[in-house]
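Contents: one structure, followed by commentary.
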Amino acid sequence: MAEIKKIKPSLPKGTRDFLPEEVAKRNYIFDTIKRVFRKYGFQQIDTPAIESLETLEGKYGDEGDKLLFKIRSNKNLLDRPEFVPTLKERLWEVYPYNFLPAGSEKGLRYDLTVPLARYVVQHQGDLAFPFKRFHIAPVWRGDRPQKGRYQEFYQCDADIIGSTSLLNEVELTQIYVEVFERLRLKVIVEINHRKVLEAIASYFGLTVNFESFTIIIDKLDKIGWDKVVEELTPLVVEHLALEALSVKSLQRFVFDIYNGSNSWFDVTDKLYKAIPPSDRWREDTWKGIISTLQEVLGKIKFDQEKVKLNPYLARGLSYYTGIIWEVVLDKNKEENKAIQMGSLGGGGRYDNLTEMFGGRDMSGVGISFGIERIYDVMEELKLFPADLGETTKVLFVHFDEASEAYAFEQLQKVRALDIASEIYPGKKKLDKQMNYANDKKIPYVIVVGGDEMASGKLTFKDMASGQQEKLTIEEIIEKLKGN
RNA sequence: GCGUCCUUAGCUCAGUUGGUUAGAGUAGUGGUUUGUGGUACCAUUGGUCGUGGGUUCGAGCCCCAUAGGACGCCCCA
């Protein structure tokens, strides 16, 4: 038997272990979000962590493809011992994929959206449309890790597939507001329409480089107007021969509209008046966008401090085609001022999602919660409840085999009432057993020894106060049920 | 793809211009207290100094290479 090589315990880069306490906190976030999702009629689904490479490749652009985790095929003939070195083998080393049947290669999922598209097309016969699902699961990216950015992380998405009604947008906005209220985070849900950006770009003659335009505009929060103008200027000059003055006016244009207004209707009205229909931009389309925004925002009385129209909100994603969201900390609130954190969520409407899998054209709209960041912010603001209720409520401790057996019997009575309880297994000195309760933050301990067995009155100790009293098991159960 | 930094005990880290046997705190174990934790005190286990090579009488420390990791750009679900 070969000796097992001892290695230093370590994790691959960009991955984390979670301690029980951390899992409890993460579950608190997940449970809060799930409760709201279900309240609005969303059903949870799951899909495999691995998908065919076919499914994943080509969906995230060149940059995304590079970050895909690929799983080496076990069909690789090179690994077979009987395989002798030949020219073919050399070719295998260089071009292994060329010798594999298409679709046999696997990869780890990169997000939850592409699996959703595959899922909807594959199961369309079994699903009720509009299909409202949520999905909370880890995804993997071979990215270079940074602070708050990992190779394995959770995504938490809710989407509605197959309905173009704006009621969906209204409800998703409600969900954002409600979830963050429940988590006691003060945030602003920013809303924009993708085509507002297109209109602005078009008005300033930036249609050729619209992608670059959105990428730059999206950085506004991070780098400020001066840098944005700086980055936009070459686009204008190179491709459209407009003087940089136009970019300055772009800044003023957006800035004025956004700042001088108190209500969404003011903002949308101003937008409407500010952008004259050009030959690239038909008036009725623009009207449609404005009314879309007004309908979504005006449907119910959102708190205007919490839900705001942000005409320069872009989001990098190219596949969004309609309303887009982003959730950010409300920097006007005192407690948030010191916290440096990007968006806590985002989403939008996208068309043709299912097309790539041969499905009929289905419009989709969805939101996502950045739970890793939400966790960090809540930790910093100390917003997690002190008692997350995920630990044992009461521990039985004992001295010898007889008292262990007796305690074990009593334990069954407590467990019969679904009270989380345990007995210290095996013989150990009492202080070690108490230590265990202490480390595990178990609030109550029941001491069972000779006296207790004789009298039937057990020693019930409150670990927080240190006080203890002699009670029958029935009296103890009553107390435990009470809190 | 570009750049900065890190790696010494399970964990967090000291370790002087290169010098004898590499330390501390913490966690663990045993005890002070054979029926009472969160505090204290005493004792004690635990290290191929990431790996490989080089310089040197001598390397945790200097040089080269390499692996792993963290962070910042780029990009971004």
Side-chain angles (χ1 to χ4, degrees), chain A residues 5-17 19 56 59-68 108-116 135 137-157 159 211-212 214-216 218-219 222-223 231 314-320 324 326 342-348 350 366-373 395-400 403 407 424 427-453 458-468 470:
Chain A
K5 195 184 166 197
K6 279 186 192 166
I7 50 161
K8 228 175 135 79
S10 68
L11 284 169
K13 68 174 161 198
T15 66
R16 299 156 292 168
D17 282 331
L19 296 171
L56 301 170
K59 309 297 192 296
Y60 307 103
D62 292 345
E63 206 64 34
D65 278 358
K66 272 187 237 159
L67 302 181
L68 280 178
L108 291 171
R109 68 176 162 225
Y110 180 90
D111 69 2
L112 302 179
T113 305
V114 164
L116 170 66
H135 195 176
V139 302
W140 293 267
R141 291 180 193 183
D143 211 350
R144 208 171 287 261
Q146 279 171 50
K147 198 171 180 59
R149 219 167 117 178
Y150 305 98
Q151 291 205 334
E152 176 184 88
F153 61 99
Y154 273 71
Q155 287 197 333
C156 172
D157 289 8
D159 291 81
E211 282 299 310
S212 314
T214 56
I215 287 170
I216 295 166
D218 201 36
K219 293 194 237 174
K222 228 167 142 184
I223 63 177
E231 288 193 35
R315 298 194 58 71
L317 262 194
S318 51
Y319 60 70
Y320 288 128
I324 48 180
E326 195 154 293
S343 73
L344 301 180
Y350 42 85
I367 56 173
S368 181
F369 287 85
I371 72 109
E372 316 284 354
R373 284 174 170 187
L395 173 75
F396 283 84
V397 301
H398 47 85
F399 300 97
D400 47 36
S403 55
Y424 193 93
K427 209 179 151 211
K428 212 64 184 268
K429 288 180 66 174
L430 198 58
D431 58 342
K432 296 296 171 200
Q433 299 188 50
M434 298 300 278
N435 227 329
Y436 175 78
N438 208 49
D439 287 348
K440 220 169 157 181
K441 296 189 170 70
I442 298 173
Y444 301 103
V445 166
I446 297 170
V447 185
V448 180
D451 298 347
E452 285 83 356
M453 285 191 284
L458 311 180
T459 301
F460 181 65
K461 175 163 182 161
D462 181 330
M463 291 296 279
S465 67
Q467 287 178 350
Q468 53 190 53
K470 297 259 186 178

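Proteins get letters first, then strands, A, B, ... in listed order; numbering begins at 1 in each. Heavy atoms only: backbone and side chains are in, while hydrogens, waters and symmetry mates are out. This is a predicted model, so every value here is computed, not measured.
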| request: Return yes if a side-chain donor-acceptor contact under 3.5 Å exists between A:Y436 and A:K440, otherwise no. | output: yes

| Going by modelled atom types, is there a donor-acceptor pair between the base of B:rC75 and the side chain of A:R149 at under 3.5 Å? | yes

| query | So, A:D65 versus A:Y110: side-chain donor-acceptor pair below 3.5 Å or not? | reply | no

| request: State, yes or no, whether a side-chain contact exists between A:M434 and A:V445 at a heavy-atom distance under 4.5 Å. | output: yes

| 5' priority, RNA chain B, between A:Y150 and A:F153 [closest heavy atom] | A:Y150

| To the nearest angstrom, how far is A:E372 atom CD from B:rA77 atom C1'? | 12 Å

| message | Is any side-chain heavy atom of A:V448 closer than 4.5 Å to one of A:F396? | response | yes

| Expressed as a whole number of Å, how far does the C1' atom of B:rC61 sit from that of B:rA22? | 12 Å

| message | Distance check, C1' atoms only: B:rG23 and B:rA14, in whole angstrom units. | response | 7 Å

N/O to N/O distances under 3.5 Å, protein versus nucleotides 4-13 of chain B:
{"residue": "B:rA9", "atom": "OP1", "partner": "A:K8", "partner atom": "NZ", "Å": "3.4"}

| request: For the side chain of A:P12, starting at C-beta, report the closest nucleotide among B:rG69, B:rA70, B:rA77. | output: B:rG69

| 5'-most contact on RNA chain B: A:K13 or A:D111, nearest heavy atom basis? | A:K13

| field | 4.5 Å side-chain heavy-atom contact, A:F153 and A:R141 | value | yes

| said: I'd like the C1' distance from B:rG19 over to B:rU56, given in whole Å. | reply: 12 Å

| request: I would like to know whether A:K470 and A:E452 meet salt bridge (Lys or Arg N to Asp or Glu O under 4.0 Å); could you show each step before the answer? | output: CA-CA 8 Å; A:K470 297 259 186 178; A:E452 285 83 356; 3.5 Å; yes

| query | Rounding to a whole Å, what distance do you find between A:Y320:OH and B:rC76:C1'? | reply | 12 Å

| message | Are A:L56 and A:K59 packed together at the side-chain level, in the sense that at least one heavy-atom pair is separated by less than 4.5 angstrom? | response | no

| request: Determine the contact category for A:Q155: base if any of its heavy atoms lies under 4.0 Å from a base atom, sugar-phosphate if only primed atoms, P, OP1 or OP2 are that close, otherwise nothing. | output: base

| task | Could you tell me whether a side-chain N or O of A:Q151 sits under 3.5 Å from a main-chain N or O of A:D143, the two making a donor and an acceptor? | result | yes

| remark: Rounded to whole Å, CD of A:Q151 lies from C1' of B:rC76 at a distance of 14 Å

| Donor-acceptor pair, A:Q433 side chain versus A:H398 backbone, under 3.5 Å? | yes

| field | Short side-chain N/O contact to B:rG72 OP1/OP2 from A:Q146, under 4.0 Å | value | yes

| RNA chain B stem ranges, 3 or more consecutive Watson-Crick or G-U pairs under 3.5 angstrom | B:1-7 with B:67-73, B:10-13 with B:23-26, B:28-32 with B:40-44, B:50-54 with B:62-66

| said: For nucleotides 30-40 of chain B, give me one character per nucleotide, 5' to 3': B if any protein heavy atom sits under 4.0 Å from the base, S if the only such contacts are to the sugar-phosphate, - if neither. | reply: SS---BBBB--

| NZ of A:K147 versus P of B:rC75: gap in Å, rounded? | 22 Å

| request: Round to a whole Å and report the spacing from CG of A:D143 to C1' of B:rC73. | output: 12 Å

| task | Rounded to whole angstrom, note down the C1' distance from B:rG38 over to B:rU34. | result | 22 Å

| task | Decide yes or no on side-chain hydrogen bond (donor to acceptor under 3.5 Å, both in side chains) for A:Y60 and A:D111, but give the supporting numbers first. | result | CA-CA 10 Å; A:Y60 307 103; A:D111 69 2; 2.7 Å; yes

| said: Less than 4.5 Å apart, side chain to side chain, heavy atoms only: is that true for A:Y150 and A:R16? | reply: yes

| task | Return the nearest nucleotide to the side chain of A:R144; candidates are B:rA70, B:rC76, B:rC2. | result | B:rC2

| task | Taking atom C1' in both B:rG15 and B:rC57, compute the distance separating them and give it to the nearest angstrom. | result | 23 Å

| field | Side chains of A:R109 and A:V114 in contact at under 4.5 Å (non-hydrogen atoms) | value | no

